[in-house]
Structures are given as structure tokens and as C-alpha cells.
Amino acid sequence: MKAGQLFDCPHCGNNTFLMKEAVMDGWTKKCDILKCSSCGTVIEEIKDDTTKNTDTAKDKQNEKRNALAALFGEEPEDYKATNTDLFNTEKRFCRDCQYRVMNAFRIRCGKHEKDVNPMDDCPDFKPRTEQA
Ligand SMILES: [Zn+2]
């Protein structure tokens with residue numbers, strides 16, 4: 001049923017139409033109700049989605065926040081943090097280190113004189129100054 005719809009009111013028996021009215025809880029709108037325009041009997045409650053499912057409401061809020069962030073060219077906080085971590089780790093990989101000595105089949109570390117994996121990280125890491 002919706003506002004303005006004609007119906008036979010079971011309370012007053014008139015053929016009348018539905019009025020929509022907001023139910024307020026202080027300053028917060030709780031829900032809408034449909035009332036008989038003749039006698040004022042509440043026929044139906046229209047509950048807001050937000051009161052039905054809080055999780056959905058939260059998701060909606062997050063969505064809105066992320067959409068807003070995208071609008072202003074900002075990445076959401078979580079994504080930013082992950083990206084920074086990746087970046088910091090990547091900078092210390094043995095394959096990008098200036099002590100790296102490439103062989104046909106393996107990578108050696110010139111500093112520690114041992115075989116290393118390209119994705120190893122090392123406390124003595126020094127970034128390569130030129131690409132090889
Ligand atoms: Zn009525």
C-alpha cells in the first residue's frame with residue numbers, strides 16, 4: 001500500500017485514501033506510517049531500511065565514505081596502509097640490492113658471499129643506483 005491509495009478502511013468503514021505521516025523519535029525519524037485519512041487509524045508502518053538491518057546501514061555508510069574518498073582522489077585508509085607496507089618491503093629485496101651478483105642460475109649476495117633469493121630482504125640492503 002502507498003500514500004494516496006484508495007481503500008476501504010476496516011475501522012471506520014469509509015472508502016477513503018491513505019495518508020503518509022512520519023513518526024518521530026525526538027529529532028530522529030523512526031518510520032513512516034500510512035493512516036486512514038478519515039479516522040486516522042494506522043493502517044501500515046513503513047520501517048526505514050536503516051532500522052531493519054544495522055550491518056547493511058554500516059556497509060552503506062562505508063560505501064558512501066569510500067565513494068566520497070574516491071571523489072576527492074583519496075584512497076580509503078586500509079588500502080593506503082597496505083600499499084605503504086608493500087612499498088617498504090619491496091625496497092629491501094635482495095634483487096634490488098647493490099650487493100646482488102647475478103649468475104646464470106642464481107643470485108649471490110656480494111656482501112655476505114652467499115646465495116640469496118630475489119625476494120629475500122636483508123638488514124644490509126643498499127638500493128641499486130642503476131638498473132642492470
Ligand atoms: Zn478509517
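Since this is a predicted model, take the numbers as computed values, not measurements. In listed order, ligands and their atoms are each counted from 1.
- The side chain to side chain donor-acceptor pair (under 3.5 Å) test applied to His112 returns Asp124, not counting sequence neighbours.
- Across every non-hydrogen atom of Ala3 and Leu34, the tightest pair is N-CD2, 3.8 Å.
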Result block: side-chain N/O donor-acceptor pairs under 3.5 angstrom for residues 39-46, not counting sequence neighbours:
unit_1: Glu45; atom_1: OE1; unit_2: Lys47; atom_2: NZ; d: 3.3

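- Remark: Asp96 does not engage Arg128 in a salt bridge, criterion side-chain N to carboxylate O under 4.0 Å.
- Counting only protein atoms, the N, O or S atoms lying less than 2.8 Å from the Zn ion (ligand 1) are Cys9 SG, Cys12 SG, Cys36 SG, Cys39 SG, ordered by chain and residue number.
- By the 6.0 Å contact criterion, CD on Glu113 is open, its count of non-hydrogen atoms from other residues, nucleotides or ligands being 12 or less.
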Report all side-chain donor-acceptor pairs from residues 17-28 shorter than 3.5 Å, counting only partners two or more places apart or in another chain.
unit_1: Glu21; atom_1: OE1; unit_2: Lys35; atom_2: NZ; d: 3.2

